[in-house]
Amino acid sequence: MNKTITFLLWLGITFPVFIFGQGETSNWYFGNGAGIVFNNDGSVSPITDGELETFEGCATISDSSGNLLFYTDGITVYDRTHSVMENGRGLYGDPSSTQSALIVPAPSSPDIFYIFTVDTSTFENDPDNGLNYSVVDISLNNGNGAVVEKNINLLKDCSEKITAVVKECSDQSIWLMTLASENGTTGFFNTYHAFEVNANGVVTNPIRTTFSDLQIEDPRGYLKFSSDGTKMASAHMRFGLYIYDFDAETGKLSNQNRVSLPAPDNNPYGIEFSPNGKYLYVHASNDVQAAQGHTSSLFQLDMEAVDISDSRVVLDKRGVYRGALQLGSNGTIYRTLSESYFKGSSFLGVIHNPNGGGVGAEYVHNAIALNGKIGTQGLPPFIQSFFNKIELIQNEDGTTSSSLDLCEGEPFLLETENIPGAIYIWKKDGVVFQNLGVNSFQIDTANETHSGKYSLEILLPDPKECPILGESLINVHPLPPNDQLTLVQCDVDIGSSADGVTTINLGQVEPNSEYIYTFFETIQDRDTDNPIPDPERFVNTQAFDQTLYYQVTSALGCESFGELQLRIQSVDLAESLQMAYYACDDDPKDEILKGTFDLENFGRSNYPQNEVVFYRNLEDVTLEQNPLPNIHITEPTVIFARLENLNQCEDILEIQLQVNPSPSFSLPQVHLLCTDNPNLSIMGPYGFDTYTWFKEEGDSREVVSDNQQIDILEIGNYVLEVGYVYEVDGETLICTNQKSFAVLPSNKAVVEDILIEDISENNTIQIMVSGDGDYEFSMDKAPFQDEAFFEDVAPGFRTISIRDKNGCGRIEELVSVIGYPKFFTPNGDGINDFWQIIGVDNRFQTNTLVTIFNRYGKKVAQIVPNDNGWNGTYNAQALPASDYWFSAILEDGREFKGHFALKR
């Protein structure tokens, strides 16, 4: 950096500053369990122990040392242990109120705090309780506090906005401001009510400033003072943005100025002043009420411009919902990033340098992650005077800032105007140091012990004037290491490897990637900033040994200088030990030999004393660029190995990568095993050197045979691995390929049931079977069919055959289909001489009884299955040709009737 920094505190204006410490704003709780904490070094960390569930309003307060005291959504108060504070329920705020609550410490009473709440009405018959305050005594309950008074009304109706600023330092009084109608009941919001909070409590009679041309109906939007208390901004969503001058002595506002914003994002919601008050930031949206279609813009307005509206700069525009802006103790402004009213975000946006104009404000979207918690629309407001700190660092361009990074060895000076009679109190990290009462402090040679937070409090001779506070964060960074560096390079230039001159990648010597190294051939080049133009392809100008010079620079610009010693080592590839590394073809199905080489393992096994890096060609070896991956897939080729020790080249070797063919074979994916007679024999394919059969169980596999043929007795998943055996340099290399197959069960069928529908015009048979096989069916030696259903079956005895298609057996079943002949001719010719029920005999329906009647209902015969049947006679006399009737009672209990013809 090489520059002297002066910290100058400008005292041309008296700045009213609240005399509490700066820790009151250290902890923020908001949204759905979200929170952040401000660390002493100015950084911010997410915290996730909060209990809030609020769409908008919230408030938090800590003690002057930064320890959490309590927080609230305006309805429920949570203490420092995140439990509901005693009597802490039922406050008259609302989580849908823009600024539901604001916490004000009671002047001259360190244990008393006021929680001011503003209500809103979100649905029909939802009461709006206006402006109220409750009182917390933090000394109760072992420091966890209790609400001792609740919901003391100040205004019966008001907007959703509230803010506060110091009135006077001598009595530590505070102004609490809100917007309401003139009488604080109903009507347009046109009057700002300033309530004084002093050592006697809350003054209930406010100072009113009424603007007759102000007719606000929309209660939404933030209200903010500048931290010095001279300006106030008021956002009214659909009724626009207004800026005022504020007189802290009288509590009155003046010089109302409406600022126009461009459509569609012309509905202001979140607002915040920069620490120095020069800029006002506005988070405005298109105020779409639907679940989608939201857009918002982040505007910067110059408060010193002649036309503030024309000074508008758009820092960000995107599809997010409305949201809050809030200044933090580290001088940055934070922005909520909800997607809709109900859907928040797990990030905050940040304006890193709000005192900077335009892009110099350094807005970053999604800058702070909330560690999984969700921010909604609101952030906790504070007494704005908490942030009234003057930045002590005077930059070369005339601006100020609150932090400075220095390099070790650089000087810095802290100095303010010498005010006669003033008392100067200097602190580092909260501890007063030796130059008490002096208006300057100087360090000629800074080191890391000088890093810290420096603060200055100036007590002016007039006790009525507020102290002037300044604060800055100083970070002194160590210089980068400048050790003597050495780079040994192998000279492998083809045809001239003994000349000691080669191409060198100087970047390979950089020992720490955190720093930037710049190389020079001579000290004069270094002093005149004439670096080597192409350090990755530097050719040494002195054979074998050469000294170069380097500058090493940190990210913050801290610099050191050192030397780099080059040493060139000649390598003759023809005399180098050449090795071969063999792999197997990855895919034997294609026509390309391509194998996978584990170069990392090869290098570790063969050169255990060296670091080995592999390259495709000599140019890459020399420049140490494009190293091959540890797992390298390639066809047969030559690569080069660079052997190093502590990044110094010791040798370069040529490596032959050879790919041996792997077996290619086919095998059915499914084999069937007859489980009722298990004996499956599988012959592996011919032509291979090794055969290994595995049986797989889950993630494990077991070798079951190493023969070409295997006999399998169990179903399951199997693998056959075959291999070619190669003898390579006295070692055995086996290239394998494998196929998986399943052995599935099959067997003869088991007949579970045979369903027969008979004694009908269309007799049917349905066969119900079980088993592991694939079955087909036949009846009476007809061709087999896949269906187990037969129809139009003739009455009688039918033979059903069932066989397994996989060859695991066949079974037969004899079934009976009941029927009867329609006629018979008892003429003694041996054809149809008897009438009998079909499908009954001494095997089926043995106990069947059939009674035959003539057409007059007279019983003429009775037959059973073992008979030949009826011969057409009655009492040995032939009956005439005619229709006869029968009644059959089967053994299975079925009963049916019918008729038939006797023909002569």
Side-chain angles (χ1 to χ4, degrees), residues 580-606 608 628-636 657-748 770-774 804-809:
Y581 183 16
Y582 295 86
C584 299
D585 185 15
D586 289 339
D587 188 358
K589 296 190 300 296
D590 61 24
E591 298 179 357
I592 302 174
L593 279 179
K594 183 177 290 186
T596 299
F597 295 86
D598 187 343
L599 298 180
E600 182 180 25
N601 182 62
F602 177 79
R604 187 168 51 245
S605 300
N606 292 278
L628 294 174
N630 291 332
I631 303 299
H632 183 47
I633 301 174
T634 182
E635 299 178 50
L657 299 183
Q658 298 286 354
V659 182
N660 291 323
S662 296
S664 177
F665 71 102
S666 60
L667 191 70
Q669 293 183 327
V670 175
H671 294 262
L672 295 167
L673 178 68
C674 297
T675 56
D676 45 8
N677 185 22
N679 185 14
L680 172 64
S681 181
I682 303 176
M683 176 65 73
Y686 291 91
F688 303 107
D689 300 324
T690 64
Y691 298 84
T692 307
W693 302 82
F694 301 92
K695 188 173 189 297
E696 293 186 325
E697 295 286 350
D699 295 331
S700 64
R701 59 169 55 177
E702 174 189 2
V703 176
V704 292
S705 176
D706 57 6
N707 298 319
Q708 183 179 358
Q709 182 173 341
I710 185 174
D711 293 327
I712 295 178
L713 302 177
E714 295 180 345
I715 64 173
N717 294 317
Y718 291 82
V719 175
L720 171 60
E721 181 180 86
V722 301
Y724 288 136
V725 177
Y726 301 93
E727 296 297 330
V728 178
D729 296 333
E731 296 184 359
T732 299
L733 173 67
I734 302 178
C735 292
T736 63
N737 191 9
Q738 61 182 22
K739 301 287 185 182
S740 298
F741 63 94
V743 175
L744 302 179
S746 193
N747 47 34
K748 289 188 294 186
S770 63
D772 295 320
D774 184 10
D804 176 32
K805 294 181 180 179
N806 302 314
C808 287

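Owing to the predicted nature of the structure, the values given are computational and were not obtained by experimental measurement.
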To the nearest 0.5 Å, tell me how far [X] [atom1] sits from [Y] [atom2].
| X | Y | atom1 | atom2 | value |
| --- | --- | --- | --- | --- |
| E721 | F694 | CD | CZ | 4.5 Å |
| L672 | I715 | CG | CD1 | 11.0 Å |
| R701 | W693 | CZ | CH2 | 13.0 Å |
| I633 | L657 | CD1 | CG | 12.5 Å |
| L680 | S746 | CG | OG | 11.5 Å |
| Y581 | Q658 | OH | CD | 13.0 Å |

Ring pair (Phe, Tyr, Trp, His ring centres under 6.0 Å) evaluation trace for F688 with Y724
CA-CA 6 Å; F688 303 107; Y724 288 136; 5.5 Å; yes
Looking at every non-hydrogen atom in both residues, tell me the closest pair between [X] and [Y] and how far apart they are.
| X | Y | result |
| --- | --- | --- |
| S740 | V719 | OG-CG2, 3.6 Å |
| P663 | G723 | CG-CA, 3.7 Å |
| S705 | N707 | OG-N, 3.1 Å |
| D586 | G595 | OD2-C, 3.5 Å |
| V728 | N660 | CG2-ND2, 4.5 Å |
| E635 | I592 | CD-CG2, 3.7 Å |

Is the backbone N or O of G684 less than 3.5 Å from a side-chain atom of Q708, with the two atoms forming a donor-acceptor pair by type?
yes
When you compare the side chains of N737 and S662, does any donor N or O come within less than 3.5 Å of an acceptor on the partner?
no
Student check: side-chain heavy atoms of [X] and [Y] closer than 4.5 Å:
| X | Y | answer |
| --- | --- | --- |
| Y718 | I682 | no |
| P661 | L593 | yes |
| P685 | L720 | yes |
| N806 | D774 | yes |
| F597 | L628 | no |
| T732 | V725 | yes |

Check D804, T675, D676 against N747 for a side chain to side chain donor-acceptor pair (under 3.5 Å) and give me the one that passes.
T675
Is it the case that atom CD in E731 sees more than 12 heavy atoms from other parts of the structure closer than 6.0 Å?
no
Side chain to side chain contact (heavy atoms under 4.5 Å, CB included) between D706 and T690: does it pass, once the steps are laid out?
CA-CA 7 Å; D706 57 6; T690 64; over 6 Å; no
Those residues at least two apart in sequence (or on a different chain) that pass salt bridge (Lys or Arg N to Asp or Glu O under 4.0 Å) with E714 are none
Sorted by chain and residue number, the ring-ring contact (aromatic ring centres under 6.0 Å, His included) partners of H671 (sequence neighbours excluded) come out as F741
What pairs with Y691 under ring-ring contact (aromatic ring centres under 6.0 Å, His included), at least two apart in sequence or on another chain?
none
